[in-house]
Amino acid sequence: MLKENVVEEKMIQDSWKRCEEYGFKPTDPVDSTVLDHYQITEVLNRNQELTHSAIASLKNLYPAFRKMGHIVSIVDRHGIIIYTLGDENLASEVQMVVGTNWLEDNRGTNAMGVALLEKNPVRVHGSQHFNASAHFLTCAASPIFSPSGEILGAVNISGKKEHYHPYIFTLTQIIAGDIGNRILLRKMNNEYHLTIKEFEHSINKYITVPFLSLDEEHRIIRANNRAKAIIGQNNIGQKLNNIDRFIIDTFTSDCKNSIRSVAIHKKYKKEKRLYTFSDIKGNCPSVVRIKKMAERAAATDIPILLIGETGTGKELFAQSIHSESMRSHSPFVAVNCGAISESLIESELFGYIGGSFTGANQEGRKGKFEAAQNGTLFLDEIGDMSLRAQVTLLRALQEKEITPVGSTTTKEIDVRIIAATNKNLIKEIEAKRFRADLYYRLKGIQIILPSLRVRTDLIQMANSLLEEKGYSDLTLSEEAKQKILSHKWPGNIRELMSVLIEASFLAEGEVIVPEDIQIGAGCTSIEITDDMDPLKDAEKSVMEKYIRIAEGNISVAAERLKISRNTLYRKMKEYNIK
């Protein structure tokens with residue numbers, strides 16, 4: 001206690017010295033300036049959090065302070081009183097009203113001003129006040145700190161000195177601590193709610209698997225849209241049924257008294273992530289337009305027909321539509337229609353029972369339709385399907401049921417059809433190679449994907465592909481950009497990606513130059529003789545090329561070839577590469 005008194009005495013002595021340096025005199029009149037209405041409103045708005053926490057802390061103390069004849073004041077960091085409580089007559093007498101400034105350089109030595117300046121609790125008793133008009137008071141003040149340790153203001157209790165009790169000094173410290181704790185709790189609560197909002201936004205928009213949060217009794221706390229499609233929209237708060245269908249990870253709080261779990265549907269645990277609309281890059285107006293069209297189409301169950309040249313991203317759009325649809329929790333199954341032979345079309349699409357034909361699996365097998373049940377069936381290269389296969393497919397789409405090969409029992413099917421082709425199906429119909437009735441069954445919504453040569457964002461696409469493949473440190477020179485823009489890109493995005501991957505290996509430094517972009521470079525015709533090994537010759541040629549590009553630096557050449565330096569030395573010796 002003695003040490004505290006010494007510290008207080010020193011703070012007050014230092015304050016008096018500063019007041020004398022300010023040119024103050026104890027007999028000077030008190031500054032009675034009060035902020036106007038607009039200034040007070042601005043100060044209160046700036047200190048809403050402090051005021052709110054102070055009111056919550058002090059609301060039950062008003063009767064006690066009024067009875068004692070004391071006044072409690074809250075000042076902000078600039079010394080402006082923002083809240084008072086207690087004896088209104090005393091507050092008016094000593095000008096402790098909202099909008100007055102109690103900084104030391106304005107009022108002389110006083111508890112509020114010294115506490116703010118010294119950032120420590122302090123008492124100013126009677127004649128310790130610099131201004132003589134305050135000698136009848138005893139004041140105690142304690143600073144209020146933010147969660148990060150910054151001073152926000154101070155709490156002050158003032159009363160006539162004959163009514164002073166030592167516990168008042170301790171009380172200011174308790175109140176200041178309580179206000180600081182309330183501010184901390186509000187901040188933590190706000191951050192918690194923001195974290196939950198960020199979490200829920202992320203799991204709904206970006207996590208493509210059914211994802212649940214569970215409490216210690218496995219009641220569902222929250223679920224993303226994919227999970228709600230499985231468990232139902234109104235099951236939040238209910239206990240998770242069929243828990244064996246989920247993979248559950250459990251964790252506890254640091255103090256071990258709270259348990260939470262996250263659950264992912266087993267079907268999706270090892271499944272490769274499907275594309276979403278966020279994976280579709282580019283700002284070409286035509287792409288932006290069809291992307292919006294596809295997003296709208298995803299919300300429906302209407303069949304979709306994607307038309308575009310090879311490499312324009314038809315499967316990218318198909319997967320994105322599925323990922324955005326209400327069927328996203330169910331399978332996405334892709335079928336290359338041009339690769340199915342006529343003899344196998346029914347077993348591929350509809351499945352078969354065991355022993356139904358020679359070579360059949362004895363346990364039977366599901367067909368593509370059944371594998372995609374409740375999900376999406378992507379019929380790629382539909383224009384290459386044989387006429388017999390088209391008849392089989394049309395019947396299934398019309399009847400919405402299938403019969404596995406060798407079975408007499410039909411099965412109802414519920415799948416969303418997305419078809420794709422690089423052919424002009426109208427011309428195919430005219431040439432009698434495609435059925436008109438199947439075309440109109442598939443063409444619910446027709447989306448035509450633009451070829452790369454007509455897009456206005458070719459360079460942006462090139463940069464996006466470089467970044468996607470891990471070459472974000474590489475840039476295209478202006479000459480390289482012109483070379484890219486001048487090419488027709490018959491292979492579209494697939495061809496562009498292939499060229500850029502090669503260019504990234506050929507590039508020296510961080511800039512891709514025109515020589516690195518091998519567009520339209522045909523294979524050199526090589527006459528093969530009996531004493532030649534084509535694979536070894538090709539390997540030797542590639543190694544010589546990379547050693548030459550690396551200007552003889554074997555470490556660089558080996559790194560670009562993705563082999564060890566020792567392996568490259570051994571191969572050089574084997575092929576007699578100098």
Side-chain angles (χ1 to χ4, degrees), residues 4-37 39-40 42-44 46-47 50 69-145 150-164 166 168-169 172-173 176:
E4 290 180 356
N5 289 337
V6 170
V7 172
E8 275 188 359
E9 284 292 337
K10 186 176 186 312
M11 286 194 291
I12 292 171
Q13 289 172 8
D14 290 343
S15 175
W16 271 66
K17 288 178 183 178
R18 288 191 295 269
C19 289
E20 289 169 352
E21 290 173 359
Y22 298 147
F24 291 168
K25 293 180 180 179
T27 56
D28 285 344
V30 175
D31 182 2
S32 59
T33 304
V34 180
L35 299 180
D36 63 30
H37 172 74
Q39 291 172 321
I40 290 175
E42 184 181 348
V43 169
L44 293 179
R46 193 166 59 234
N47 292 281
L50 177 59
H70 283 65
I71 179 74
V72 184
S73 303
I74 305 294
V75 294
D76 69 4
R77 72 185 70 189
H78 304 295
I80 305 295
I81 292 181
I82 57 174
Y83 180 70
T84 61
L85 182 72
D87 190 324
E88 292 89 347
N89 294 327
L90 178 63
S92 178
E93 182 181 352
V94 297
Q95 292 187 317
M96 286 186 185
V97 295
V98 173
T100 53
N101 187 324
W102 280 80
L103 282 182
E104 182 189 81
D105 61 4
N106 191 62
R107 293 271 180 163
T109 302
N110 69 87
M112 286 178 274
V114 175
L116 288 174
L117 192 63
E118 298 285 352
K119 298 182 181 178
N120 271 306
V122 66
R123 283 171 293 196
V124 180
H125 182 66
S127 61
Q128 289 179 324
H129 288 90
F130 188 84
N131 194 286
S133 65
H135 285 181
F136 73 102
L137 293 173
T138 293
C139 306
S142 291
I144 302 167
F145 295 99
E150 296 176 316
I151 192 162
L152 297 176
V155 56
N156 177 83
I157 301 178
S158 296
K160 294 180 179 179
K161 61 184 180 182
E162 58 268 22
H163 296 153
Y164 175 76
I168 289 177
F169 182 46
T172 63
Q173 297 173 62

A.B. asks: Side-chain contact test, heavy atoms from C-beta onward, threshold under 4.5 Å: evaluate it for T138 versus V124 and give yes or no.
C.D. replies: no
A.B. asks: Apply salt bridge (Lys or Arg N to Asp or Glu O under 4.0 Å) to E93 and list each qualifying residue two or more places apart in sequence or on a separate chain.
C.D. replies: none
A.B. asks: The criterion is side-chain hydrogen bond (donor to acceptor under 3.5 Å, both in side chains); which residues satisfy it with R77, sequence neighbours excluded?
C.D. replies: none
A.B. asks: Assess whether atom CD of E42 is packed by more than 12 heavy atoms of other residues, nucleotides or ligands within 6.0 Å.
C.D. replies: no
A.B. asks: For the residue pair G108 and C19, what are the closest heavy atoms and their distance?
C.D. replies: CA-SG, 3.5 Å
A.B. asks: With rounding to the nearest 0.5 angstrom, report the OG to CG distance, S158 to D87.
C.D. replies: 11.5 Å
A.B. asks: Flag the pair D36 / Q39 as yes when at least one side-chain heavy-atom distance between them is below 4.5 Å, and no otherwise.
C.D. replies: yes
A.B. asks: Just how far is it from atom NE2 of H163 to atom NE2 of H70, taken to the nearest 0.5 Å?
C.D. replies: 8.0 Å
A.B. asks: List the atom of A140, the atom of I168, and the distance in Å for their closest heavy-atom pair.
C.D. replies: CB-CG2, 4.3 Å
A.B. asks: Enumerate the ring pair (Phe, Tyr, Trp, His ring centres under 6.0 Å) contacts for residues 107-131, please, sequence neighbours excluded, ordered by first and then second residue.
C.D. replies: W16-F130
A.B. asks: So V94 and F136, side chain to side chain contact (heavy atoms under 4.5 Å, CB included) or not? Walk me through it.
C.D. replies: CA-CA 10 Å; V94 297; F136 73 102; 3.4 Å; yes
A.B. asks: Taking the side chain as every heavy atom from C-beta outward, state whether L152 and N47 have any pair of such atoms under 4.5 Å apart.
C.D. replies: no
A.B. asks: Side-chain contact test, heavy atoms from C-beta onward, threshold under 4.5 Å: evaluate it for P143 versus P121 and give yes or no.
C.D. replies: yes
A.B. asks: How close do G159 and L90 get, heavy atom to heavy atom, and via which atoms?
C.D. replies: CA-CD2, 4.0 Å
A.B. asks: How would you list, by chain and number, every residue that makes a side-chain hydrogen bond (donor to acceptor under 3.5 Å, both in side chains) with N120, sequence neighbours excluded?
C.D. replies: none
A.B. asks: Below 4.5 Å, heavy atoms only, C-beta onward: do H135 and Q128 meet side chain to side chain?
C.D. replies: no
A.B. asks: What verdict does the side chain to side chain contact (heavy atoms under 4.5 Å, CB included) test give for L35 and I80, after you've listed the backbone C-alpha separation in whole Å, the side-chain angles of each residue and the deciding distance to 0.1 Å?
C.D. replies: CA-CA 9 Å; L35 299 180; I80 305 295; 4.0 Å; yes
A.B. asks: Got a second to check how far L137's CG is from E162's CD, nearest 0.5 Å?
C.D. replies: 9.5 Å
A.B. asks: Taking only residues at least two apart or on different chains, which pairs with a member in residues 109-118 satisfy salt bridge (charged side-chain N to carboxylate O under 4.0 Å, His left out)?
C.D. replies: R18-E118
A.B. asks: Restricting to side-chain hydrogen bond (donor to acceptor under 3.5 Å, both in side chains), what partner residues turn up for S15, sequence neighbours left out?
C.D. replies: E104, T109
A.B. asks: Without placing hydrogens or testing angles, list every side-chain donor-acceptor pair under 3.5 Å for residues 95-103, not counting sequence neighbours.
C.D. replies:
unit_1: Q95; atom_1: OE1; unit_2: R107; atom_2: NH1; d: 3.3
unit_1: T100; atom_1: OG1; unit_2: Q95; atom_2: O; d: 3.2
unit_1: T100; atom_1: OG1; unit_2: V97; atom_2: O; d: 2.7
unit_1: T100; atom_1: OG1; unit_2: W102; atom_2: NE1; d: 3.4
unit_1: N101; atom_1: OD1; unit_2: L103; atom_2: N; d: 2.8
unit_1: W102; atom_1: NE1; unit_2: Q95; atom_2: O; d: 3.3

A.B. asks: Atom CD1 of I157 and atom CD1 of I71: how far apart are they, to the nearest 0.5 Å?
C.D. replies: 10.5 Å
A.B. asks: For K161, check salt bridge (Lys or Arg N to Asp or Glu O under 4.0 Å) against everything at least two apart and list the hits.
C.D. replies: none
A.B. asks: At what distance, to the nearest 0.5 angstrom, does OG of S73 lie from CG of N156?
C.D. replies: 5.5 Å
A.B. asks: Residues two or more places apart in sequence or in another chain: which of them pass salt bridge (Lys or Arg N to Asp or Glu O under 4.0 Å) with D31?
C.D. replies: none
A.B. asks: Is there a donor-acceptor pair under 3.5 Å between the side chain of S92 and the backbone N or O of N89?
C.D. replies: no
A.B. asks: Could you tell me which residues satisfy side-chain contact (heavy atoms from CB on, under 4.5 Å) with A154, sequence neighbours excluded, listed by chain and number?
C.D. replies: V75, L116
A.B. asks: Not counting sequence neighbours, which residues clear side-chain hydrogen bond (donor to acceptor under 3.5 Å, both in side chains) with S127? List them please.
C.D. replies: none
A.B. asks: Could you tell me the separation between the CD atom of E150 and the CD1 atom of I144, rounded to the nearest 0.5 Å?
C.D. replies: 14.5 Å
A.B. asks: Given the rule in the side chain to side chain contact (heavy atoms under 4.5 Å, CB included) test, do H78 and R46 qualify, once you have shown the distances and angles that lead to the verdict?
C.D. replies: CA-CA 11 Å; H78 304 295; R46 193 166 59 234; 4.3 Å; yes
A.B. asks: The criterion is ring-ring contact (aromatic ring centres under 6.0 Å, His included); which residues satisfy it with Y22, sequence neighbours excluded?
C.D. replies: F24
